[in-house]
Amino acid sequence: MSTATIDGRAVERGAFATLAHGLRLTPEFREGLPVTLVLAMVATGGRVVVPVAVQQTIDHGLNAPGGSDLGLVRLACGLAALAVAVTAVASYLMNVRLYRTTENGLLALRVRAFRRVHDLSVLHQASERRGSLVSRVTSDVDTISTFMQFGGLLVLVSTAQVVLTTVIMLVWSWQLTLLVYVCFLPLVFAIRLFQRKLQGAYGAVRERIGALLGAVAESVVGAPVIRAYGVQARTAERIDTAVSSTMNAQVKAQTIAATTFSLGELTAAVANGAVVVVGVLLGVGGGITTGRLVGFLFLVTLFVQPVQVATEVLNEAQNAVAGMRRVLGVLDTPTDVADPVDGAELEHGPVGVQFDHVSFAYPGGPEVLHDVDLAIAPRTRVAIVGETGSGKTTFAKLLTRLMDPTRGAVRLNGLPLDGISFSSLRSRVVMVPQDGFLFDSTVADNVRYGRPGATDEQIALAFLELGLADWVEQLPAGLATPVGERGESLSVGERQLVAIARAYIADPDLLVLDEATSAVDPATEVRLNRALDSLTRGRTTITIAHRLSTAEAADDVLVVDRGVVVERGPHAELVVQDGVYARLHASWMSQSR
Amino acid sequence: MTSAAPADAQVSGNVIRRGLGVLWVAVKEQPRIFAVSALGSALFGLMTIAQAYVFGRITEKVIVPSIRDGEARTGYLVAAFCAIVATALLKVIGIIARRLGAGIMQYRLQATYRRRVTRRYLELPLSWHQEHPTGELLSNANSDVEATWYPIAPFPFAVGVLFMLVVTLGLLFVTDPVLAVVGSIVFPAIAVLTVLYSRRMSPLMTRAQQLRGEVSTVAHESFDGALVVKTLGREADETERFRARSAELRDTMVAVGRVRGLFDPLMEALPVLGVLVVLLVGTSRVGSGDINSGELVRVAYLFTLLAFPVRALGWVLNELPRSVVGWDRVQRVLTATGAQTYGEGSVPGSSPTALQVQAVSFAYGNDGVLSDVAFDVQPGRTVALVGPTGAGKSTLASLLVRLVDPETGTVTYDDLDLRGLAPGALAQVAALVPQQTFLFDDTVRGNITLGADIPDEDVWGALRIAQGDGFVAALEHGLDTVVGERGTTLSGGQRQRLALARAVVRRPRLLVLDDATSSVDPSVEQRILAGLRDSAAASTVVVVAYRRATIALADEVVFLDEGRVTARGTHDELLATSDGYRDLVTAYERAEAERELSA
């Protein structure tokens, strides 16, 4: 029911503001830009060589007084060839520079966005499909990359081309220049209009592709359920719908883009026609030479090219802006559960916990934890019990600062939790969630994740201490056994064993186990708990479990019911009272005996 | 992932030839729309030439005489204007046909192959899925399909350009063979450059594509494990891991930039040099009276016009390596074998089925999981599958409903081998509730009915048995509440109860529960089990369980240890005869007893 979202602010920004904001956040993009711009100007110079050479040839070569002057044509062509060579070199340098700066900028942007995703609170992380988060640091950045390198390059060159062309046109005939500009003016407005349409169309395409990916992901991730229930046909249908609607959106966008592109071509034709008519009329009065007029027609082609390119680049620009917006969406999302500036360090040693009138509600949802006010002494082993949905996991998340309370404060050894630096907090307080997520690597590597640098011997020792040595032994390759994607080569229970070893080797002072052994068989669980008990003596351990065997062994039991701590005390005391715990325990007993 | 590997082999092979092969497939798949866009492109090319011709004529007949004579004739001017605009109009028609055609062709091909790939996903067995990472399968259906058909966008353009080149050469020869020969030197040069370019570029592009996949895999895994990363404070290390891959991608892209930076200006300079040579030679040809100035201008203009479209050939060629890599990855899915074969049988009747497992062995790769497992369940009876963590219970459960087939041995319902059943026949008989709940991005109702036509009262009935009616009724939109990855957040126990209702609502004749109530409180679980037992639609039940109450419901217990059935019998019998079993199920009592002793 969380309404924490990622795209809050970023969607409101216009295209230009989005790009500007992106550039501001990524100074790497601007590195050495002036030199690149100068190179772009030089590189464009080569393009006006042809019209100028044509003009020179006609006016001074062919129509020279006294017949054609081949020497002058040779000179003109030689100079032009030199200009082309210089242009090519400048163009090469510009390309290389552009690639280097944009790729550096994109790397920085990508890495920053990636880090920010991890820094977001669990609520924000949960508000998006996993695939959608991934695309924000992969394909969205790639669209920006495509634009910067193809589009960005073209924009640079094209802008320079328009400027240069205009200068030469002005030198040759200001009247014709004015005429050309008047012809192109309506196009500028038309393009703005189409740009807006195109933006909407591309937005739709991206949205549909997102839905398509979701549908495909379901068919892959839900493969067992789809097979077990024989719903292949229905799944295929859902995918087909997504595929078709994606295609329709793409065709629509393409139609708008093609129309826009054609407008440029038509405008160029009208401008050329007008230049011929007006140019001849001017020429008749001696206002322009034949060579210049013909050269002018070439120039109009050079003038229309950038406009064409602009409409082309608009496609990619739209995608890039949309991509940028999604990347910025991540960067702009405040880290609501943030690492405090100059955070306090938690001193090594036993940790005591205080909850000061703590309440919690998910954004936009009802309160799920009400005014919890209690203290847990250092070195105690506490079990938290209660029915599903009573608020046990919320309690654990607040305790480990995966979320901050809406009211009240949590303290560790008297220090407010939100004032303790993350590096200190995460090394001293470790939670083992129910879902024993493992990385696609070996058993040893996954345990080492809890303490980087731990040797294989230390890891083997950890399993031995936890009473899991025989389990490791029967693995095909022992500690070096690959666990597969998400650990799926192991059974659910086995994954939980690795997750516990991972937390154990991290050597925390406060260990929080949230249903961490729910899929482990009773014998192993009992053995594990016994090992943890003896090993974690002197530490504070907080365990959430359905299996009340854990509660029986704990120093203290907290009973949560509908967001309120209703009972507290050791098992022996609570079990004889006529309360929630006694009831839970009776039902547990009837089940497990 | 290393699965993108055989890239090198593709590079050393003839990428361009293979790429053209992929394009040929595209033409065969979409011949009509390809014809439209190629014809459009040809029209565009013809009109481009016509433009040059028109400009040449206008220079010759209108501009030069008018300015020379100091007299402009209105009729000529109007005709000139009309000719220019008319050719442009035709050209625009060509452009629209070409672009729309190319777009539609590309998008249709994408859609077709996305459908085929995802169909294949649904057909291939679970074992195949288990061998391929999710990220890879997602990119096969998405970015690989996209990459395959990327060259389709400029393809019709390139075909039109080829046509245009031929026509141009013809025209050049008609105008002036000498100029034509001089000018034509440019085209082989462009061709050589293009081939060199592709050679340098294709390994880089392949590498870049592969690295993009790796970057995506790292991000996927890292975000998947976000909670672990957070709880262990490993954000900085994860960022470093991601940065390392991304930096490799950057380095490759910078290398791409260097190659492109070198070849792009050369490609652009060549036609310009061609024009200069034409001017140089042309001037002397005009001087010697072989051609007139109008013809020279026309030839020069033709070269300027060609400069841009000729690059379309380059665009196609440059995309071919990526396309071939994408095609190979897509083909790997489409040609994957091992799809489960089906018979035509069904399981007649509507009463609970008998289940028999005979000499079943199974391994993941070389890692044996089950060996020689055998047991049977009489219709309507309940069997508990008990065993320590990692004993192979979940694998056995998935064999029972044919998510995978055994390597040796058989599984039968009412003496019918599962492999002989028609597609869909099995799902009508049996239902599995897996250990890990999967919910679709759909409503509560949709997640339970899975699209089957089931009245709401039955849905509520199933929810009642699964002890889920209470919380569903409390949801804001009841059965219409959207759940799944982006929907309303449900707790693990709530999700399990929906999965259970999904199975129960189908009134299965065989129900397989794989530790399906692990996230549910004991008291709730007890009510679920009671509901199952009392529900009118009795079925044969196999339940993977640890809890004594669950086991107590079973008529018989099968004890599985290290992939073998080591004991069978009633709970009491096994307590007496099997040490392993006793150890497992009395663990809590013994722990308590020890505590009391030490207290």
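Please read these numbers as outputs of a predicted model, since none were measured by experiment. Letters A, B, ... are given to chains in the order of the sequence lines, protein chains preceding strands, and every chain is numbered from 1.
- Note on B:Arg402, B:Arg590, B:Arg502, B:Glu123: by heavy-atom pairs under 4.5 Å with chain A, the leading option is B:Arg502.
- Ion pairing between A:Asp142 and B:Arg212 holds under the 4.0 Å rule for side-chain N and carboxylate O.
- Between A:Leu106 and A:Ser145, the closest heavy-atom pair is CD1-CB, 3.1 Å.
- Only the side chain of A:Val225 comes within less than 4.5 Å of a heavy atom of chain B; its backbone N, CA, C and O stay farther away.
- Using a 4.5 Å cut-off between heavy atoms, A:Val526 touches chain B through its side chain atoms alone.
- A donor-acceptor distance shorter than 3.5 angstrom exists from the side chain of B:Ser398 to the backbone of B:Thr395, with no hydrogens or angles considered.
- No other option in A:Thr393, A:Val96, A:Asn104, A:Thr524 has as many heavy-atom pairs under 4.5 Å with chain B as A:Asn104.
- For A:Thr255, the parts lying under 4.5 angstrom from a heavy atom of chain B are both the backbone and the side chain.
- Residue with the most contacts toward chain A among B:Leu450, B:Val85, B:Leu432, B:Leu89: B:Leu450 (heavy-atom pairs, distance under 4.5 Å).
- Both the backbone and the side chain of A:Leu266 come within contact range of chain B, judged by heavy atoms closer than 4.5 Å.
- Contact tally against chain B (heavy-atom pairs below 4.5 Å) for A:Ser518, A:Ala90, A:Ala228: the top residue is A:Ala228.
- Under 3.5 Å, the side chains of B:Arg258 and A:Tyr92 contain no donor-acceptor pair of N or O atoms.
- Side-chain contact annotation: B:Ser222 with A:His118, donor-acceptor N/O pair under 3.5 Å present.
- Proximity to chain B is limited to the side chain of A:Arg234, based on heavy atoms less than 4.5 angstrom apart.
- Comparing B:His129, B:Gln130, B:Arg506 by how many heavy-atom pairs each has under 4.5 Å with chain A, the most go to B:His129.
- Donor-acceptor pairing under 3.5 Å is lacking for the side chains of B:Thr389 and A:Glu494.
- Neither side chain, A:Tyr229 nor B:Gln428, offers a donor N or O lying under 3.5 Å from an acceptor on the other.
- Two residues are said to be in side-chain contact when any heavy atoms from C-beta on lie closer than 4.5 Å; B:Ser216 and A:Val134 meet this criterion.
- Of the two parts of A:Leu213, the backbone and the side chain both hold a non-hydrogen atom closer than 4.5 Å to a non-hydrogen atom of chain B.
- In this structure, the portions of A:Ala553 lying under 4.5 Å from any heavy atom of chain B include both its backbone and its side chain.
- Among A:Gly230, A:Ala269, A:Ala88, A:Ser244, the residue making the largest number of heavy-atom pairs under 4.5 Å with chain B is A:Ala269.
- Defined by atom type and a distance below 3.5 Å, a donor-acceptor pair is missing between the side-chain atoms of B:Arg234 and B:Thr239.
- Both the backbone and the side chain of A:Val277 come within contact range of chain B, judged by heavy atoms closer than 4.5 Å.
- Within the 4.5 angstrom heavy-atom criterion, only side-chain atoms of A:Ala506, from C-beta onward, approach chain B.
- No other option in A:Leu93, A:Val220, A:Leu497 has as many heavy-atom pairs under 4.5 Å with chain B as A:Val220.
- Listed for the B:Gln435 side chain is no donor-acceptor partner under 3.5 Å among the backbone atoms of B:Ser394.
- With a threshold of 4.5 angstrom between heavy atoms, A:Thr138 approaches chain B through side-chain atoms but not through N, CA, C or O.
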